[in-house]
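Numbers restart at 1 for each chain; the letters A, B, ... are given by sequence-line order, proteins then strands.
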2 protein chains.
Amino acid sequence: MVKETLSGPAAAEMELGTVLRALSDEHRRAVMVELAADEEDRERTCNSFDLPISKQTQTHHFRALREVGLICEIDYGNRKGIRLRRSDIDVRFPGLLGILAAEARKPEHAHG
Amino acid sequence: MVKETLSGPAAAEMELGTVLRALSDEHRRAVMVELAADEEDRERTCNSFDLPISKQTQTHHFRALREVGLICEIDYGNRKGIRLRRSDIDVRFPGLLGILAAEARKPEHAHG
DNA sequence: CATCAGGTACGACACGCATCGTACCTAGGA
DNA sequence: TCCTAGGTACGATGCGTGTCGTACCTGATG
């Protein structure tokens, strides 16, 4: 019941290089595309993204996204919540989330 | 005197993953930041970017930028011209060049 | 033709990092 | 208390790729 929120750098301290490198990985980008496409910014769980990789690797990727400032993680002890830092990203890199959200509307990303 | 233009994929065929990977390298990103910041879209030479790397590595990077669709190269035989594919990028990834151009206005990128 | 500068081709190397195996931690429920 | 599911820590590994050395090509200049 600790609910400690883990955040990365402040909006102004985000670096374009590290952000782009984080987004160059297909699995991390898939996570960000889903988050960017959700206009309601719902909190997600790690499992809800259906990543075809092991638990350890998921930990690695979510940590990477957090450390560059794209998401924050809420620690519930035995599970974790994922939240997009939409307002911070919109301030620091306006247009970035729009590019990602557009990917969710491309045919090859339609899962239903 | 051949002046053959080498281009990558068409605008619609550009892939976000490969584009972001190309931009995750600091030297390629430095090139793109300069190109994006020039509102007149002047043709550049490879040397004009003052990259602190060898000729061979520059060839490698410019080829990478061309193959993902960000620039086109004009082959003059014993030298090469570099052009930003601004309109194609603006169609496929609106906002991307704005993010890059904003980097040119950051203090740590001020060279003069 | 000789020379030179810009650029490419090929190969080699070193480092980063995505991935996973094993082991351990945390909270909730039976 | 034990079990289970979600998550982390640490180490090992394999691949991608940024980098450069050497050699060669191209066009301009003298």
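Remark on DNA chain C: of its neighbouring residues Pro52(A) and Asn78(A), the 5'-side contact belongs to Pro52(A), judged by nearest-heavy-atom nucleotide.
Considering only the side chain of Cys46(A), dG7(D) comes nearest among dG7(D), dT8(D), dT19(D). Ranking dG7(D), dT19(D), dG7(C) by closeness to the Arg79(A) side chain, first place goes to dG7(D). Among the nucleotides dT8(D), dT8(C), dA18(C), the one closest to any side-chain atom of Arg28(A) is dA18(C).
Nucleic acid contact for Lys55(B): base, since at least one base atom lies under 4.0 Å from a heavy atom of the residue. Residue-level contact check: His60(B) touches the bases, meaning some heavy atom is under 4.0 Å from a base atom.
Here His27(A) reaches the OP1 or OP2 of dT19(C): one of its side-chain N or O atoms lies under 4.0 Å away. One finds a side-chain N or O of Arg63(B) lying less than 4.0 angstrom from the OP1 or OP2 phosphate oxygen of dA9(C). Taking side-chain N and O atoms only, Thr57(A) has a distance below 4.0 Å to OP1 or OP2 of dC20(C). For the OP1/OP2 pair of dG7(C) and a distance below 4.0 Å, the side-chain nitrogens and oxygens of Asn47(B) include at least one atom meeting the criterion.
Sorted by first then second residue, the ring pair (Phe, Tyr, Trp, His ring centres under 6.0 Å) pairs that include residues 80-102 of chain A, not counting sequence neighbours, number zero.
With salt bridges taken as basic N to acidic carboxylate O contacts below 4.0 Å, one links Arg92(A) and Glu103(B). Look at Arg86(B) and Asp41(B) and you find a salt bridge, because one of the NZ, NE, NH1 or NH2 atoms lies within 4.0 Å of a carboxylate O, short of that distance.
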